[in-house]
Protein chains: 2
Amino acid sequence: MVTIYDVAERAAVSPATVSRVLNGKSVKAELAARVLEAADTLAYVPNRTARTLRRRHSEVIALIIPDVENPLFTALARGVEDVAREAGYSLVLCNSDDDLAKEREYLDIAISGDMAGVIIVPAAGESNVDLLLAKGRAVVAVDRPVAHGNVDTVVFDNARAGHDATTVLWEAGYRRIACITGPNDVRPAVDRAMGWQAAMLGFDSTFPAVTYLRHGDFRTRGGQEMMLDLLQMDEPPDAVVAANNLIGVGAINAMAQAGTLPPTTGIAVVGGLPYALPFGHPIPVVHLPTRHIGMSAARILLDRLSGSQSPVSTVVLRGELTPPTPA
Amino acid sequence: MVTIYDVAERAAVSPATVSRVLNGKSVKAELAARVLEAADTLAYVPNRTARTLRRRHSEVIALIIPDVENPLFTALARGVEDVAREAGYSLVLCNSDDDLAKEREYLDIAISGDMAGVIIVPAAGESNVDLLLAKGRAVVAVDRPVAHGNVDTVVFDNARAGHDATTVLWEAGYRRIACITGPNDVRPAVDRAMGWQAAMLGFDSTFPAVTYLRHGDFRTRGGQEMMLDLLQMDEPPDAVVAANNLIGVGAINAMAQAGTLPPTTGIAVVGGLPYALPFGHPIPVVHLPTRHIGMSAARILLDRLSGSQSPVSTVVLRGELTPPTPA
DNA sequence: TTGTACGCGTTATCAG
DNA sequence: CTGATAACGCGTACAA
């Protein structure tokens with residue numbers, strides 16, 4: 001391995017000077033040139049591990065998400081990455097599987113690996129980022145707030161999204177509108193359902209909301225199972241609000257299975273349907289600014305990393321009801 | 001920060017002993033107990049950076065993929081992750097955007113960050129992993145071979161997949177079957193197209209293959225544009241083989257746009273359509289074992305990491321034609 | 001401005 | 001089986 005000493009020797013300067021050149025401290029032009037040339041010919045690459053040990057922190061930020069296979073989170077990751085790498089940070093993507101134990105593992109890695117900061121979509125339940133905070137590391141929660149956390153947060157306006165999705169169905173003439181959402185220890189799931197409930201009670205104060213609310217997981221399977229369940233009711237709903245993209249896919253598949261596709265049974269989805277194939281009937285979607293939420297979180301984190309002491313903030317991003325699905 | 005010295009002091013042993021206990025070397029039971037207790041009450045977490053600097057390598061594996069938003073690669077990532085973490089390694093997911101410069105950056109990070117090994121889907125063009133190999137680091141190529149590389153490789157049987165997709169369309173009665181594939185410096189794109197061409201010429205030796213072959217990017221946009229292009233021909237194809245999932249989605253959307261959906265114009269897709277909504281007409285798919293390819297690559301890497309000197313190998317995994325798309 | 005020398009936290013070597 | 005000590009590669013006081 002070629003070290004800073006090798007470069008120093010070849011350039012006939014001290015290791016300290018090499019270090020200074022590489023870090024943009026003031027060095028006489030001629031020496032700097034010698035150093036750069038030596039570094040170049042030796043193909044010297046600074047050892048990040050040593051640098052990190054010395055500096056006490058690396059230029060890496062961790063992004064912890066519950067599911068790499070959910071397009072919402074990969075889009076979010078893109079947003080984070082674009083902003084982060086622009087600022088010279090690289091990204092470590094960690095998959096918590098919505099599991100607190102795995103999440104803790106990754107948090108430990110972030111700590112013991114001296115990572116600069118962490119952007120986290122907290123796993124279902126009570127995420128604990130106190131150790132990070134205690135070490136003075138920057139933390140930003142995204143998509144979901146962290147339970148007892150005193151951390152910057154970026155979320156969607158989930159209640160509104162649920163409300164909007166419900167409204168569009170109501171206006172299309174549906175009256176018994178159910179809701180399939182995620183686990184009730186996942187905040188966006190709860191909030192979107194609350195938006196739906198508020199909308200329904202607003203339209204019809206006698207609507208038996210609890211009867212038409214289902215909690216599944218935030219995956220296609222959950223959407224499918226819950227939809228089948230709803231369709232088997234004595235008085236099945238005539239439409240459904242799917243609280244996320246994958247639930248939407250699952251629900252529509254269940255509808256196909258039961259032979260009651262839109263517009264027979266209506267559906268509106270919160271969160272864009274990824275890679276949607278053209279579908280017989282247009283499906284209203286409350287499009288969430290997924291990439292944007294990541295960029296926003298990244299900017300806040302970078303701000304903290306550069307020493308900002310502004311008070312802890314929460315940013316709420318609004319979704320947008322898209323005209324019935326285009327190509 | 002609580003260090004190994006703090007633990008040693010509290011347990012009244014030497015730092016060396018603490019290290020030994022934590023790394024499972026033989027230590028007298030009583031001392032070990034004291035150490036563990038001390039570490040526990042002090043909430044000691046070993047510093048990975050220092051450990052890595054000393055050991056000259058970390059327990060981290062880098063996975064470099066061209067597109068986090070392509071479900072094929074996220075599924076692959078899952079496969080890698082499952083196997084890796086089982087063996088005590090954590091995964092760093094890196095997004096190259098199919099860009100050689102970004103890829104090189106991540107390769108540099110892998111080197112300078114002392115990562116244990118790299119699993120890479122080489123970017124389009126000529127990836128260069130020589131520096132890694134020169135440093136004796138383990139490297140496994142997956143999905144695509146690395147240009148001049150002498151590295152273990154795991155790929156799909158792409159030619160066969162292309163062939164199978166074509167055959168199923170031919171057997172369904174289509175005769176002028178086009179092919180939309182990826183960039184011609186991406187191996188799987190080329191191989192799948194070759195499979196298609198071989199199949200068509202086998203069925204009809206006068207088939208003007210070049211006329212009906214299109215190269216787009218491996219994304220929905222490419223599929224859509226190329227499909228529209230095909231449909232505008234004087235003698236448009238009556239069916240098309242989409243060489244990957246996203247191209248398939250794009251092509252079908254183009255068909256919808258042009259009002260000639262299956263079965264009017266036929267389509268078969270190589271690679272599973274993610275989150276597919278139920279579609280009027282069943283779409284034949286050559287399902288690729290995406291997760292499996294990742295697991296296989298990870299196992300090979302782990303094998304190398306544990307010192308295996310077996311000759312460089314290439315594993316070819318076969319896809320499977322699924323009966324027209326289920327739920 | 002430049003060089004010398006030390007320390008970041010850990011593991012490995014070498015005596016005992 | 002245990003302890004003292006020397007690295008790992010870098011950045012930075014401190015001295016020149």
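In what follows, every heavy atom counts, from backbone to side chain, and hydrogens, waters and symmetry copies are set aside. Chain naming here is simple, since letters A, B, ... match the order of the sequence lines and numbering starts at 1 in each.
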Which whole-number value in Å describes the distance from [X] [atom1] to [N] [atom2]?
X        : N      : atom1 : atom2 : result
B:Asn23  : C:dT10 : CG    : P     : 11 Å
A:Lys25  : D:dA13 : NZ    : C1'   : 12 Å
B:Leu42  : C:dG9  : CG    : P     : 15 Å
A:Leu22  : D:dT12 : CG    : C1'   : 15 Å
A:Asp114 : C:dT10 : CG    : C1'   : 12 Å

No-hydrogen, no-angle side-chain donor-acceptor test under 3.5 Å, B:Thr17 and B:Ser14: yes
How would you list, by chain and number, every residue that makes a salt bridge (Lys or Arg N to Asp or Glu O under 4.0 Å) with [X], sequence neighbours excluded?
X        : value
B:Asp82  : B:Arg291
A:Glu126 : none
A:Arg10  : none
A:Asp303 : none

Enumerate the residue pairs fulfilling salt bridge (charged side-chain N to carboxylate O under 4.0 Å, His left out) with a member in residues 131-141 of chain A, sequence neighbours excluded, ordered by first and then second residue. A:Asp114-A:Arg137
Which residue pairs satisfy the salt bridge (charged side-chain N to carboxylate O under 4.0 Å, His left out) criterion with at least one member in residues 100-111 of chain B, sequence neighbours excluded? A:Arg85-B:Glu105, B:Asp97-B:Lys102, B:Arg104-B:Asp108
Could you tell me whether A:Ser19 contacts a base, only the sugar-phosphate backbone, or nothing, with contacts defined as non-hydrogen atoms closer than 4.0 Å? base
Shortest non-hydrogen contact from A:Phe156 toward A:Leu72: CE1-CD1, 4.2 Å
For the residue pair A:Ile64 and A:Val118, what are the closest heavy atoms and their distance? CD1-CG1, 4.1 Å
Considering only distance and modelled atom types, tabulate donor-acceptor pairs under 3.5 Å from the side chains of residues 20-27 of chain B, sequence neighbours left out.
{"residue": "B:Asn23", "atom": "OD1", "partner": "B:Arg55", "partner atom": "NH2", "Å": "2.8"}
{"residue": "B:Asn23", "atom": "ND2", "partner": "B:Ser19", "partner atom": "O", "Å": "2.7"}
{"residue": "B:Asn23", "atom": "ND2", "partner": "B:Ser19", "partner atom": "OG", "Å": "3.4"}

Which donor-acceptor pairs under 3.5 Å do side chains of residues 139-146 of chain B form with protein atoms, sequence neighbours excluded?
{"residue": "B:Arg144", "atom": "NH1", "partner": "B:Asp98", "partner atom": "OD1", "Å": "3.2"}
{"residue": "B:Arg144", "atom": "NH1", "partner": "B:Pro122", "partner atom": "O", "Å": "2.9"}

Under a 4.0 Å heavy-atom cutoff, the residues of residues 27-36 of chain A touching DNA chain C are A:Val27, A:Lys28, A:Leu31
Pairs: protein N or O with nucleotides 7-9 of chain D N or O, under 3.5 Å:
{"residue": "D:dA7", "atom": "N3", "partner": "B:Arg54", "partner atom": "NH1", "Å": "2.9"}
{"residue": "D:dC8", "atom": "O2", "partner": "B:Arg54", "partner atom": "N", "Å": "3.4"}
{"residue": "D:dG9", "atom": "OP1", "partner": "B:Arg56", "partner atom": "NH2", "Å": "2.7"}

Can you give me the N/O atom pairs linking the protein to nucleotides 14-16 of chain D at distances under 3.5 Å, or say none if there are none?
none

Taking A:Arg304 for the side chain and A:Ala138 for the main chain, is one N or O donor matched with an acceptor at less than 3.5 Å?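 Pair absent, no side-chain N/O of A:Arg304 close to backbone of A:Ala138.
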Reckon A:Thr17 has a side-chain N or O less than 4.0 Å from the OP1 or OP2 of C:dG3? yes
Verify the contact: side-chain N or O of A:Ser26 to OP1 or OP2 of C:dT1, cut-off strictly under 4.0 Å; return yes or no. yes
If you fit an axis to the five pairs at each end of the helix from C:dT1-D:dA16 to C:dG16-D:dC1, how big is the angle between those two axes, to 10 degrees? 40°
Determine whether more than 12 heavy atoms belonging to other residues, nucleotides or ligands lie under 6.0 Å from atom CD of A:Glu9. no
